[in-house]
Student: 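Below is one structure. I have some questions about it.
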Amino acid sequence: MKKIQLFIFAILLSSTSVFAQSDATKKADKHFAKFQFVDAIEAYNKLIEKGEGNAYIYSRLAEANYNIFSTVESEKWYAKAIEAGASEPEMLFKYSEMLKANGKYEASNVQMDKFASMRPADDRAVMYKANPEYLSKILDKGKKFNVQSLDLNSKMSDFGGTLQDGKLYITSSRNASRKNYGWNEEPFLDIYEYTVAEDESYQAENLLDGKINTKYHEGIVSFTPDGKTMFFSRESFFENIYEKDSVSNTKYSVLHLFKAKKGSNGFSEVEALPINSQNYSIKNPTISQDGSTIYFASDMPGGFGKFDIYKATLDANGNVGTPVNMGQKVNTEGQEMFPYVSSNNTLYFSSTGHLGLGGMDVFYTKEIDGKLAPIRNVGIPINSNGDDFAFRMNEETGEGFVSSNREGGKGSDDIYAIKKLQPLCDVLIVGAVLDEKTGKPVSGALTTLVDANGNVLASKPANTDGKVEYIVECDTPTELKVTMEGYESNKVAVKGSNEEEVAVTVNLKPIEEIITPEQVVLNPIYFDFDKSNITARAAFELDNLVQVMNKYPDMVIQATSHTDFRGSKQYNQGLSERRAQTTIQYVISKGIDASRISASGRGETEPAVDCKPCTDQEHELNRRSQFFITSGGPKK
């Protein structure tokens, strides 16, 4: 994917060694300045062979290999440069990235620790120090997608993957008639179109004509919802816009955005967007599903890093409003690129600044109530140790594309078809079960997670530290119920969330605390309106009574059921008697001998609060069940 950064002069200056260039390095430096990294690597290596290696040459070799994603060589030369005295923070960060790309996670963290100590306020350092175990968390989430390489991939760079009106659009350097670009000695990029066949294969490769493709680079495309307007990026050389280095005479271009109208003969009427500038790049356009917003990446002044993600309004005539930076939650001091907004308004993007597996990873977030949810890593296998970018997904089918230069591909970048297997956004619920009296963990307590309808999602015992973990889909309200012998059962509502982790504490009262000399005091026993059957909530509380009666086998209970004042006296009396009977039947069904429990309905005759009219709270206090101890129980 480093090929995609071919337009970015600033990147190449970010990791310059304190050791200066010399007459001996002029030839190699000239190649480097022209982005001719393959030739630059060869020239610097010749100097090494002559015994002229130093920190400057090592760092240049590291940087050149970094930019063509030659991770093993880049790692080697970063190590040599640092050993020779180079110590710039950005070099340490890139070294950690290369170590990570080569699967050396512990060594990568060592370099990140050094980087963080040198630049503690850097976004990347702050995120790393706040979550040093991020790698295991990403990997432990498991595979939520199936990923398959497309047959259309070539030995060159292929990336993108935009479906529109039965066509697939990609960007590729496979056009052998183009001049090679010195960055990686591949041809310049063009946009290709394929027809989606009935068997869903991609047929009839078609190079878009010269109105779209030029002898310069063209990038990925996006369409308005009606498919009549295509947006894409193109190198500014086409408009004769560039900067020229006065010493090397090297010309440096930027990227501009264009739009093209669809006619009977394809796309034409190509027009540059007014937000373009000769001073910075704008690339990677994507249009929101409702067509009202365009998102893109840019290194325009005022951002947080090398490239940031921006958005701007887009009206029905294709006019673009003022760009707005997506903010520091999305953008870092690294690079954020390739935005994509799906049908449910989830923003997907690629980043080198957020915590990932190496190179660029795909991340996502979503605006909820005007605020962005936490930035999340999409995880494996969408992300790899390489660069992973240009993510697209249909939220309804779970199908889409991602591009990557990971190991095992055909070319330097390849396109992969993806299929979502599990919900992407999830929340880790971390429960702590504690003894309410002592504050100590309760080991072995049985925990059960239920959904809003009372359906059991999962159940497991708390560990020796009283901890338990569950993973649920984002925005899913749940309830964590806990039971333990010797304790009153308890439960805690867990609100639906988009946070990566939610901590909840469930305190358990020792069972003796709910026993008074006269009663076993339970939380309210709820019945559905005008019904007498035992609900899940009622059963949860009655299990505490069963536990008490099992602990004290000589205890005999009389249960009374009361109603509020709503309804006639006769009706309330009958309703309370039915509820009383179902209550004792539940207790008997749990193994308690029938001789040990009796029940009576008291209707509205013994109110806890004598009120007329009554508030809802007063009605609730009157609508109760009580459990009196007639004999047995704890010794006084």
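Each residue takes its place number in the sequence, starting with 1. In this text, all values refer to a predicted model and were calculated from it rather than measured experimentally.
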Student: Which atoms form the tightest heavy-atom contact between Ser384 and Asp361, and what is the distance?
Tutor: O-OD1, 3.7 Å
Student: Check whether Tyr128 reaches the backbone of Asn109 with its side chain - one donor and one acceptor, N or O, closer than 3.5 Å.
Tutor: yes
Student: Hey, are the side chains of Leu522 and Leu545 touching, using non-hydrogen atoms and a 4.5 Å cut-off?
Tutor: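 Touching, per the 4.5 Å side-chain cut-off.
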Student: Which word best sums up how the rings of Phe93 and Phe115 line up, parallel for under 30°, tilted for 30 to 60°, or perpendicular for over 60°?
Tutor: tilted
Student: For residues Asn572 and Glu604, report the shortest heavy-atom separation together with the two atoms involved.
Tutor: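 Looking at all heavy atoms of both residues, the shortest contact is ND2-OE1, 2.7 Å.
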Student: Can you check side chain to side chain contact (heavy atoms under 4.5 Å, CB included) on Thr563 and Arg624, steps first, answer last?
Tutor: CA-CA 7 Å; Thr563 68; Arg624 71 200 189 280; over 6 Å; no
Student: Between Asp123 and Gln328, is any side-chain donor less than 3.5 angstrom from a side-chain acceptor?
Tutor: yes
Student: Can you tell me if Glu618 uses its side chain to pair, donor with acceptor, with the backbone of Thr615 under 3.5 Å?
Tutor: yes
Student: Give a yes-or-no answer on whether the side chains of Glu577 and Gln573 include a donor-acceptor pair shorter than 3.5 Å.
Tutor: yes
Student: Search all heavy atoms of Arg392 against all heavy atoms of Ile418 and return the closest pair with its distance.
Tutor: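 Arg392 and Ile418 have their closest heavy atoms at O-CD1, 3.7 Å.
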Student: One pair to check against side chain to side chain contact (heavy atoms under 4.5 Å, CB included): Tyr348 and Ser342. What are the steps and the verdict?
Tutor: CA-CA 8 Å; Tyr348 299 91; Ser342 67; 3.8 Å; yes
Student: Which pair of non-hydrogen atoms, one from His354 and one from Ser351, has the smallest distance, and what is that distance?
Tutor: N-OG, 3.1 Å
Student: List the steps and the verdict of side-chain hydrogen bond (donor to acceptor under 3.5 Å, both in side chains) for Arg578 and Ser576.
Tutor: CA-CA 5 Å; Arg578 292 192 296 276; Ser576 67; over 6 Å; no
Student: For Asp426, is there an ion pair with Lys144 - N to carboxylate O distance below 4.0 angstrom?
Tutor: yes
Student: Below 4.0 angstrom, N of the basic side chain to O of the carboxylate: do Glu513 and Lys509 qualify?
Tutor: no
Student: Where the side chain of Asn331 meets the backbone of Ile309, is there a donor-acceptor pair that is under 3.5 Å apart?
Tutor: yes
Student: When you look at Leu99 and Gln111, which way does the side chain to side chain contact (heavy atoms under 4.5 Å, CB included) test go after all the steps?
Tutor: CA-CA 9 Å; Leu99 288 165; Gln111 299 306 318; 3.7 Å; yes
Student: If we check side-chain contact (heavy atoms from CB on, under 4.5 Å) with Glu488, which of these qualifies: Asn523, Leu508, Asp543?
Tutor: Asn523
Student: Tabulate below the donor-acceptor pairs under 3.5 Å that side-chain atoms of residues 429-448 make, not counting sequence neighbours, or state none.
Tutor:
from: Asp435; atom 1: OD1; to: Lys437; atom 2: N; distance (Å): 2.8
from: Asp435; atom 1: OD1; to: Thr438; atom 2: N; distance (Å): 3.1
from: Asp435; atom 1: OD2; to: Tyr487; atom 2: OH; distance (Å): 2.7
from: Thr438; atom 1: OG1; to: Lys440; atom 2: N; distance (Å): 3.2
from: Thr447; atom 1: OG1; to: Lys460; atom 2: O; distance (Å): 2.6
from: Thr447; atom 1: OG1; to: Tyr470; atom 2: OH; distance (Å): 2.7
from: Thr448; atom 1: OG1; to: Ser459; atom 2: OG; distance (Å): 3.2

Student: How far apart are the C-alpha atoms of Ser589 and Gln585, what are their side-chain angles, what is the distance that settles it, and do they pass the side-chain hydrogen bond (donor to acceptor under 3.5 Å, both in side chains) test?
Tutor: CA-CA 6 Å; Ser589 75; Gln585 288 302 309; over 6 Å; no
Student: Quick check with a 6.0 Å cut-off and a 45 degree axis cone: is Lys100 positioned over the face of Tyr105's six-membered ring?
Tutor: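 No, a cation-pi geometry is absent between Lys100 and Tyr105.
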Student: Would one find more than 12 heavy atoms of other residues, nucleotides or ligands at under 6.0 Å from atom CD of Gln289?
Tutor: yes
Student: Main chain of Gly601, side chain of Ser561: is a donor-acceptor contact present, judged purely on distance under 3.5 Å?
Tutor: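 No; judged by distance alone, with no hydrogens or angles, the pair does not exist.
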Student: Do Thr583 side-chain atoms and Arg579 backbone N/O form a donor-acceptor pair below 3.5 Å?
Tutor: yes
Student: Would the number of heavy atoms belonging to other residues, nucleotides or ligands and lying under 6.0 Å from NZ of Lys569 be above 12?
Tutor: no
Student: Which pair of heavy atoms, one from Asp388 and one from Arg406, lies closest together, and at what distance?
Tutor: OD1-NH2, 2.9 Å
Student: Could you check whether Glu333 pairs with Arg119 (Lys NZ or Arg NE/NH1/NH2 to Asp/Glu carboxylate O, under 4.0 Å)?
Tutor: yes
Student: Would you indicate whether the side-chain heavy atoms of Val482 and Lys491 approach each other to under 4.5 Å?
Tutor: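 Side-chain contact under 4.5 Å: no.
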Student: With a 4.5 Å limit on heavy-atom distance, are the side chains of Ser350 and Gln335 in contact?
Tutor: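 Counting from C-beta outward, Ser350 and Gln335 never come under 4.5 Å.
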Student: Which pair of non-hydrogen atoms, one from Ile534 and one from Thr582, has the smallest distance, and what is that distance?
Tutor: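 Scanning both residues, the minimum pair turns out to be CG1-O, 3.8 Å.
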Student: For the side chain of Lys419 and the backbone of Thr397, is there at least one donor-acceptor N/O pair under 3.5 Å apart?
Tutor: yes
Student: Under a 4.5 Å cut-off applied to non-hydrogen side-chain atoms, are Ser108 and Glu97 in contact?
Tutor: no
Student: More than 12 foreign heavy atoms under 6.0 Å from NZ of Lys420: is that the case here?
Tutor: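 Atom NZ in Lys420 is crowded, with more than 12 foreign heavy atoms closer than 6.0 Å.
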Student: Measure from the side-chain N and O atoms of Asn463 to the backbone N and O of Lys467, and report whether any donor-acceptor pair falls under 3.5 Å.
Tutor: yes
Student: Show your reasoning for whether side chain to side chain contact (heavy atoms under 4.5 Å, CB included) applies to Glu501 and Val427.
Tutor: CA-CA 6 Å; Glu501 186 174 308; Val427 178; over 6 Å; no
Student: Can you tell if the side chain of Arg124 reaches within under 4.5 Å of the side chain of Lys129, non-hydrogen atoms only?
Tutor: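 A side-chain contact is absent here, since even the closest heavy-atom pair is not under 4.5 Å.
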Student: Is the backbone N or O of Lys104 less than 3.5 Å from a side-chain atom of Asn102, with the two atoms forming a donor-acceptor pair by type?
Tutor: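 Looks like no, no N/O pair under 3.5 Å.
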Student: Between Phe349 and Phe338, is the ring centroid distance below 6.0 Å?
Tutor: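 Phe349 vs Phe338: aromatic centres not under 6.0 Å.
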Student: Can any side-chain N or O of Asn622 pair as donor or acceptor with the backbone N or O of Val609 at less than 3.5 Å?
Tutor: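 Such a contact is found between Asn622 side chain and Val609 backbone.
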Student: Under 6.0 Å from the CG atom of Asp616, do we count more than 12 heavy atoms belonging to anything else shown?
Tutor: no
Student: Does a sphere of radius 6.0 Å around NZ in Lys495 hold more than 12 heavy atoms from other residues, nucleotides or ligands, not counting ones at 6.0 Å or beyond?
Tutor: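 Counting neighbours around NZ of Lys495, 12 or fewer heavy atoms of other residues, nucleotides or ligands fall under 6.0 Å, so no.
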Student: Is a side-chain N or O of Asn490 found less than 3.5 angstrom from the main chain of Asn507, in a donor-acceptor match?
Tutor: yes
